[in-house]
Amino acid sequence: MAEKKTKKESTSKKDTKKQAAPAAKAAEASKAPTVSSKEARVGVYICHCGTNIAGSVDIPAVQEYAKTLPNVAWVDNYQYMCSTPGQKKIEENIKEHNLTGIVVAACSPRLHEPTFRTATKEGGLNPFRFEMANIREQGSWVHMHDREGATDKAKDAIRIAVAKAALLQDLVPKAVPVEKAALVVGAGVAGMQAALDLANAGIKTYLVEKNPTIGGRMSQLDKTFPTLDCSQCILTPKMVDVGRAENIELMTYAEIAEVEGYIGNFDVTIRRKPRGVLTPVEAEAKGIVGGGCNGCGDCEAVCPVIKPNPFEMDMKPRKAIYIYHPQVVPLIYTVDFDSCIKCGLCVTACGEKKAIDLEAKDEFVKVKVGTAILALGYDMFPIEKKDEWGYQKYDNVVNSLEFERLICASGPTGGHLVRPSDGVTPKKVAFLLCAGSRDNTGIGKPYCSRFCCMYSLKHAHQIIEKIPGCQPYLFYMDIRSFGKMYEEFYYRIQDEGAKFMRGRVANILEDPVTKNLTVVAEDTLLNRPINLEVDMVVLAAAVQPSSDTDRTRKLFGVSCSQDGWLLEAHPKLNPCGTTTAGVFLAGVCQGPKDIPDTVASAEGAASAASIPIHKGEVELEPYFAQCIEEKCAGCGMCVNLCPYQALALVEKEGRKVMQVTEAKCKGCGTCGGFCPGGAIWMQHFATPQIVAQIDAFLLGGAK
Ligand code: FAD
Ligand code: SF4
Ligand code: SF4
Ligand code: SF4
Ligand code: SF4
Ligand code: SF4
Ligand code: SF4
């Protein structure tokens with residue numbers, strides 16, 4: 001740092017002027033589309049952002065410095081550059097001072113690059129003649145207590161941005177037509193809602209679900225907080241609507257195999273796993289008149305293979321030919337080929353319907369869509385990793401989703417809550433909240449799972465209601481009842497008699513004879529140890545991204561957070577979008593959300609995904625690679641390096657040259673960085689522009 005400062009101090013205005021020379025040389029050497037700073041007249045605008053920037057950066061000093069930079073024709077500052085008066089300054093000054101490029105020194109381009117591009121365009125310049133210098137997120141905010149350092153850094157950032165702005169070119173975005181169809185991956189309540197909204201907006205929608213039925217986790221729940229309405233009752237009509245919707249092509253027991261293309265034109269390959277049972281439509285297509293599965297269940301009755309049913313959290317058996325639960329959509333049986341012994345009894349039982357095909361294989365279906373929504377949901381965290389709570393070690397410790405099935409009238413015990421060890425109705429039940437959430441031990445998850453406080457209150461209510469005299473104890477850190485009517489629900493459960501103990505549970509011990517459990521904890525409000533004997537423990541386990549999330553998101557080029565939840569384009573301003581244009585997020589795959597928030601996010605995603613489709617055309621950012629044909633040796637080495645298959649060698653005037661399919665190119669720069677002959681020109685990130693920025697940084701120090 002000290003060394004850098006010495007360099008900066010010794011740099012004169014003469015030095016800064018020198019910076020144009022290497023850049024010009026590079027441009028000349030490349031024989032690329034010419035860029036020159038000779039005639040450039042750059043306007044620089046320094047934003048105060050209230051005191052966000054002005055509190056740590058000496059704005060007048062930065063303004064005076066900017067005036068000394070080569071090619072700078074106008075410098076101004078303003079309280080809030082993104083406001084209408086701030087943008088008006090840019091628009092008017094472009095004409096008044098005949099500016100050829102604009103630099104705004106303000107926040108991150110992620111926030112306001114589009115705003116200032118528009119202002120640049122309104123002023124009469126090509127919108128790509130704009131460059132942003134981030135002096136807030138990368139300046140004032142991180143050097144809040146170092147005014148001199150923050151001011152120097154702002155000068156550096158502006159000098160570098162001006163060096164590039166002087167060499168910017170007019171670029172024209174490419175307009176591409178948008179396919180009038182959408183894809184939704186995952187058919188929980190989020191995916192179903194998104195698909196219904198898209199379909200109702202007149203858009204053909206492919207809904208792909210990896211399980212044999214739609215419905216997701218919500219179909220496993222008994223009642224839902226805070227209204228306590230039956231989950232299946234409110235979900236089933238939606239499932240039926242999805243099954244019936246003309247515009248929805250439902251593909252259950254399927255997953256995404258491959259994705260190619262870009263916004264407006266995604267080519268998606270879907271793998272349909274072998275179901276082993278034909279729908280009536282499929283049967284008809286095969287010439288089996290009046291055939292196909294009608295859900296009669298005769299096959300299931302004769303099947304000799306018994307397996308645990310994951311829908312029932314493995315607490316109820318199912319056959320090798322099965323349906324998850326009675327309300328499945330579509331009502332079609334599925335053969336579990338991992339356990340089927342191919343005895344053929346089901347085929348005989350099915351008879352003339354000829355619905356069963358024990359030789360079924362994977363099928364691959366290709367669809368073309370304009371936009372896509374990922375609604376991949378969540379899985380339960382394997383809470384057995386927290387050894388101290390005895391899950392999967394002690395019979396009477398269950399997780400919350402198992403509790404949902406045990407208390408549900410259609411569940412494995414017909415809705416009678418009983419201890420798994422002996423089938424006896426419990427009289428004392430402990431609920432452990434934050435089980436594996438808000439856990440920084442490295443074993444659990446650091447985040448709050450957001451719905452477990454509320455569903456644990458619901459669980460407490462359910463046992464008070466169903467089992468007279470049964471006492472629920474809730475061990476909690478904080479109760480987070482943030483939603484509409486949630487706090488009122490919390491008070492209600494307190495009034496109903498649930499007991500709350502504030503403190504983390506250290507461990508759980510089991511009496512090997514009675515199978516009763518002792519919860520060992522500390523009451524942090526009363527500051528005393530607790531040893532509470534109960535009949536049963538319910539762990540409000542953390543949730544995590546569903547098992548196939550990572551593979552699927554990579555196919556769509558969507559990023560994820562450290563915890564694996566899918567990352568939105570901007571947490572506040574673009575919560576449904578992703579950094580891949582045309583791909584959107586809905587529901588819990590983005591982070592834990594209860595049902596109301598899930599449905600709201602799905603509606604948001606559907607609305608966002610429908611906009612490009614309704615517009616019929618989208619503009620792609622023109623950051624494409626370009627081949628400088630006279631420099632291309634036709635070696636073809638770049639072709640396989642392109643992660644988006646945007647490059648191909650073509651025959652031209654008797655020799656091979658590389659050709660870019662602009663619509664496929666994402667401007668990643670891989671080919672540009674690699675080409676040994678410097679034959680690839682990266683628009684907006686061209687070698688002379690980058691070299692000018694490096695020169696400006698190294699050769700022209702701030703004063
Ligand atoms: P999910 O329901 O998980 O659906 C995701 C779907 O995508 C699934 O069908 C899955 O099979 C499918 N899928 C996943 N990956 C792929 C892939 N790669 N390809 C194709 N398909 C894929 N919320 C409330 O508001 N009220 C309550 O009372 C309540 N109680 C709860 C109780 C418990 C014990 C738990 C754990 C949660 C509870 N919730 C409650 C939260 C609720 O479950 C969620 O808000 C809701 O289910 C989220 O829906 P989703 O569609 O985002 O995810
Ligand atoms: Fe703040 Fe950015 Fe707006 Fe300036 S442009 S006021 S830095 S948000
Ligand atoms: Fe379907 Fe045939 Fe089984 Fe009946 S016997 S549920 S028609 S596969
Ligand atoms: Fe069950 Fe498979 Fe035999 Fe059919 S063939 S009855 S699915 S084991
Ligand atoms: Fe803990 Fe409640 Fe957050 Fe769940 S929602 S992690 S129980 S604070
Ligand atoms: Fe041409 Fe360079 Fe690609 Fe070789 S690596 S084909 S020289 S663009
Ligand atoms: Fe492919 Fe090059 Fe475009 Fe990257 S910049 S997507 S490597 S053509």
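We count ligands from 1, going down the list as the structure has it; atoms in each ligand are counted the same way. The first residue in the sequence is number 1, and the count goes up from there.
Nearest non-hydrogen protein atom to atom 7 (O) of ligand 1 is G186 CA, 3.2 Å. Nearest non-hydrogen protein atom to atom 26 (N) of ligand 1 is F225 CE2, 3.2 Å. Atom 51 (O) of ligand 1 has as its closest protein heavy atom A190 N, 3.0 Å. Ranking protein heavy atoms by distance to atom 19 (N) of ligand 1, first place goes to V185 CG1, 3.6 Å. Ranking protein heavy atoms by distance to atom 36 (C) of ligand 1, first place goes to Y378 OH, 3.4 Å. The protein non-hydrogen atom at the shortest distance from atom 21 (N) of ligand 1 is K210 N, 3.1 Å. For atom 9 (O) of ligand 1, the closest heavy atom belonging to the protein is E209 OE1, 2.6 Å.
Every N/O-N/O distance between L401 and ligand 1 stays at or above 3.5 Å. Taking any N or O of V543, backbone or side chain, none lies under 3.5 Å from an N or O belonging to ligand 1. Residue N211 has at least one N or O atom closer than 3.5 Å to an N or O atom of ligand 1. By the 3.5 Å distance cut-off applied to N or O atoms, Y455 is not counted among the residues near ligand 1. Considering backbone and side-chain N/O atoms, I595 comes within less than 3.5 Å of an N/O atom of ligand 1. Close N/O approach between V189 and ligand 1 is found [any backbone or side-chain N/O within under 3.5 Å]. When only interatomic distances are considered, the shortest N/O to N/O separation between Y486 and ligand 1 does not fall below 3.5 Å.
Contact annotation: M192 has no heavy atom less than 4.0 Å from any atom of ligand 1. Using 4.0 Å as the threshold, C627 has no heavy atom nearer than that to any atom of ligand 6. At least one heavy atom of G636 lies less than 4.0 angstrom from ligand 6. Assignment of A349 to the shell around ligand 3 is not supported, since no heavy atom sits closer than 4.0 Å.
A cation-pi contact, defined as under 6.0 Å to the ring centre and within 45° of the axis, is absent between K458 and F225.
Residue contact annotation: C350 places no N/O/S atom under 2.8 Å from atom 3 (Fe) of ligand 3. Here C635 meets the criterion, with an N, O or S atom under 2.8 Å of atom 4 (Fe) of ligand 6.
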